[in-house]
Number of protein chains: 2
Amino acid sequence: MSPRRSAGPTLKDVAAIAGVSYRTVSNVISGKAPVSASTRARVEAAVAELDYRPQLAARQLRVGRSNLLTLSVPFLSLPYFAQLAHAVVTAAEAVGYDVVVDETHGDPERELRAASGYRTLLSDGILLSAMSIGDEELMAARGRTPLVVLGERIRAARVDRVVVDSVTSTRDATAHLIAAGRRTLGFLGTVPDASSGAAAADLRLEGFRTALRAAGLEADPRHLLEVSPWDQRSPDGDYSREEGHARVRALLAGPDGLAGLDGLVCANDLLAIGALRALREAGVEVPGRVAVVGWDDAPESAYTVPPLTSIAPDLGELARLAVASVLRLVDDPDSPPRVEQAPYRLVPRASAPPASTSSAGQLVP
Amino acid sequence: MSPRRSAGPTLKDVAAIAGVSYRTVSNVISGKAPVSASTRARVEAAVAELDYRPQLAARQLRVGRSNLLTLSVPFLSLPYFAQLAHAVVTAAEAVGYDVVVDETHGDPERELRAASGYRTLLSDGILLSAMSIGDEELMAARGRTPLVVLGERIRAARVDRVVVDSVTSTRDATAHLIAAGRRTLGFLGTVPDASSGAAAADLRLEGFRTALRAAGLEADPRHLLEVSPWDQRSPDGDYSREEGHARVRALLAGPDGLAGLDGLVCANDLLAIGALRALREAGVEVPGRVAVVGWDDAPESAYTVPPLTSIAPDLGELARLAVASVLRLVDDPDSPPRVEQAPYRLVPRASAPPASTSSAGQLVP
DNA sequence: GACCCGGGTTTCAACGTTGAAATCACGGGA
DNA sequence: TCCCGTGATTTCAACGTTGAAACCCGGGTC
């Protein structure tokens, strides 16, 4: 079969109608070279008549850029990644880029494929939110395509990264509970497999411990709630509402019950939402008996019962920094790797009200 | 500046190392022509050594396809569209396609741009979830790129569409309430601007009315709750939790209060979630006093208080049908337009339990 | 021994665009 | 009058890939 007649007019077709050379049409479109008003008008008329659109593939082949970025996330269906994708698409659009979304499902092979640029060579840069792979694997797999890693799972110094500080943010969230008078704190979302290394959840646990230490407190090991090991077959991964629900229910059903627990720090909002349900089902008052904080500030967290106090990462800023970083690499591939921080803030709501209104538990939207 | 040396090896580089012509390397890679085992081995070694990746732009230019689809949605951050994007990416991947995600923010201009294929000529087809534009505008704007419309806003016969039947599904949801003994029903999500035409919400209202008629009932106009007119500046659009909350709160604060309302059908889950909060704040028991149903079956709807009964569209099937349709158009641009239906089901939960357990209101995950 | 067959490989040209450089038209200054 | 310069336009080549067709060569066949 001969090359598909892609059914679109080309510069030459427009040129024939306008009675100029096709290069002049190109000049009109790109605006790079001066064109007289009269020919410009003729060309524009012809463009309109044929409904001409430039063939981006040809342009890319010629100039070496596609104005396309690839965003690779584990699951688009999780609120955090949906918000992230939204932020990235918006930030990319502001600088004239489109975004190809790739879902890895947390599959290490697919993350490596994403890092290497496979099936994506036509994209100018990659933003990778890794979930399963580690530093060495990433460094081994990465190709020539500019790469920026989102999140703290990867810690290698040799890659550009944009992160939100999990340790200090979770420390702040924990300190918020302590300031409100909570003394027996738990953490939901520790990871069983120590070998997996620097997952964000580990850093959040570290932040939790840091805050406890600073207050001269210690966590009861019974209150460090593991989540199930990562399972690809699960549609949503392990940091899910279901998992939070199951783990807290298990705690409540255990021999010691709450065992005095009066504050629960969750590795993310979904776990917290599951926890809220388990506590509610068991008749445990939140925040009366147990205060709960999450991490993400998912949109739904303002509408839980009670509304969830959470750490809100500035995803807009995160996305802008990431897009800026990857474009810097596109311009200068030898630019030294940077690590940038996106800000966050603590959003106090009724599930863990600030000290002054600790007992009131009034609803804060 | 001369064309960016895109820093990648080409077929020729590989050929030079393997000691064959570059066409042979192409043969090895595409597998189209027979290659002897020995040269294949040499070529593969060279490919590995250079870490060669085909330049998709060049391939596309030559063969006229990019293996890229564009998905255009209003807001990736809304659960429905996040789920939809997830489903589309998955369905596209299964047939070897990647997906570019475009966010229109419900802006009519951007929807038209998406329909026309602007900035997207390198994509083989477009899946458009329209929110603001109507039939004529769409037909006028569409370009040569194969286009499939998702959802029922567009009703033009001349476009391929994949829909979930809003009328019958909402009729079913309403009938579910009626079967459970509810007699004074309301609808949350009517649209003020009648000129906007066949938005999904109108069809859902129609389904609501159909079910009432079939049962010999009629809706009190006070119980038809409008949502604010569409406003682009709003980050989430009008079918939001906030809007649901505000509208139901306004009803409760009005002169007649609930006025006997014992069942509320919502145009989508977010509105329903906002409604649940307003009812809870006012101390109105759900489902005791008012039963609530939504539409979408957002993931969070299983975790609201009480869990939300909802219509669950089969987005996986919707996405598969849409991808199949658009690829059919890619193969045969003259293929006559089709309208396909994706299935849905009613997911009963505690906010509107089925007839048998209507009074119990037990939690169903 | 000339001929054909077919697997394996190569040559050629083209996809539509843009950087670079050549060409052209024309008005102003020497 | 001739030349220069500048703006406008055109010619040329190349980006990396693949369809089409030519080529090469060893093994049958008559």
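Here is the naming used below: chain letters follow the sequence lines, and residue numbers restart at 1 for every chain.
Distance CZ (B:R65) to P (D:dG16): 24 Å, rounded to an integer number of Å. Rounded to an integer number of Å, the gap from CZ of A:R59 to C1' of C:dG16 is 11 Å. We find that CG of B:L56 is positioned 11 Å from C1' of D:dG16, with the value rounded to whole Å. Here the C1' atom of nucleotide D:dT18 and the CD atom of B:Q60 are 14 Å apart, to the nearest Å. If you take CZ of B:R40 and P of C:dG7, they are 15 Å apart, rounded to a whole angstrom. Going from atom CG of A:L61 over to atom C1' of C:dA14 covers 12 Å, rounded to whole Å. Rounded to a whole Å, the CD atom of B:Q55 is 18 Å from the P atom of D:dA14. Distance CG (B:L11) to C1' (C:dC12): 16 Å, rounded to an integer number of Å.
Of the candidate nucleotides C:dC12, D:dT9, C:dG16, C:dC12 has the atom lying nearest to any side-chain atom of B:Y22. Closest contact between the side chain of B:P34 and the listed nucleotides C:dG7, D:dG7, D:dG16 involves C:dG7. Among the nucleotides D:dT9, C:dT9, C:dT17, the one closest to the side chain of A:P54 is C:dT17. In the set D:dG16, D:dT11, C:dT10, the nucleotide with an atom closest to the side chain of B:T24 is C:dT10. In the set D:dT9, C:dG19, C:dG16, the nucleotide with an atom closest to the side chain of A:R23 is C:dG19.
By the 30° and 60° cut-offs, the orientation of the rings of B:H86 relative to A:H105 is tilted.
A salt bridge does not link B:D51 to A:R142: none of the charged nitrogens lies less than 4.0 Å from a carboxylate oxygen. Under the 4.0 Å criterion applied to side-chain N and carboxylate O atoms, A:D102 and A:R110 are assigned as salt-bridge partners.
Ranked by how close their nearest DNA chain C nucleotide is to the 5' end, B:G19 and B:A58 are led by B:G19.
For D:dC15, the OP1/OP2 oxygens have no side-chain nitrogen or oxygen of B:T10 closer than 4.0 Å. Taking 4.0 angstrom as the limit, A:S26 places a side-chain polar atom (N or O) nearer than this to OP1 or OP2 of C:dT18. Residue B:S21 places none of its side-chain N or O atoms closer than 4.0 Å to OP1 or OP2 of C:dT9. When the side-chain nitrogen and oxygen atoms of B:S36 are compared with OP1 and OP2 of C:dT9, one or more of them lie within a distance under 4.0 Å.
At a cut-off of 3.5 Å, with distance as the only test, a side-chain donor of B:R23 or B:S26 sits close to an acceptor on the other residue. Of the N and O atoms on the side chains of A:E340 and A:S325, at least one donor lies less than 3.5 Å from an acceptor on the other residue.
Within 4.0 Å of B:T39, counting heavy atoms only, lie sugar-phosphate atoms of the nucleic acid but no base atom.
In terms of polar N and O atoms assigned as donor or acceptor, the side chain of A:R62 never comes within less than 3.5 Å of the base of C:dT17 in a complementary pairing.
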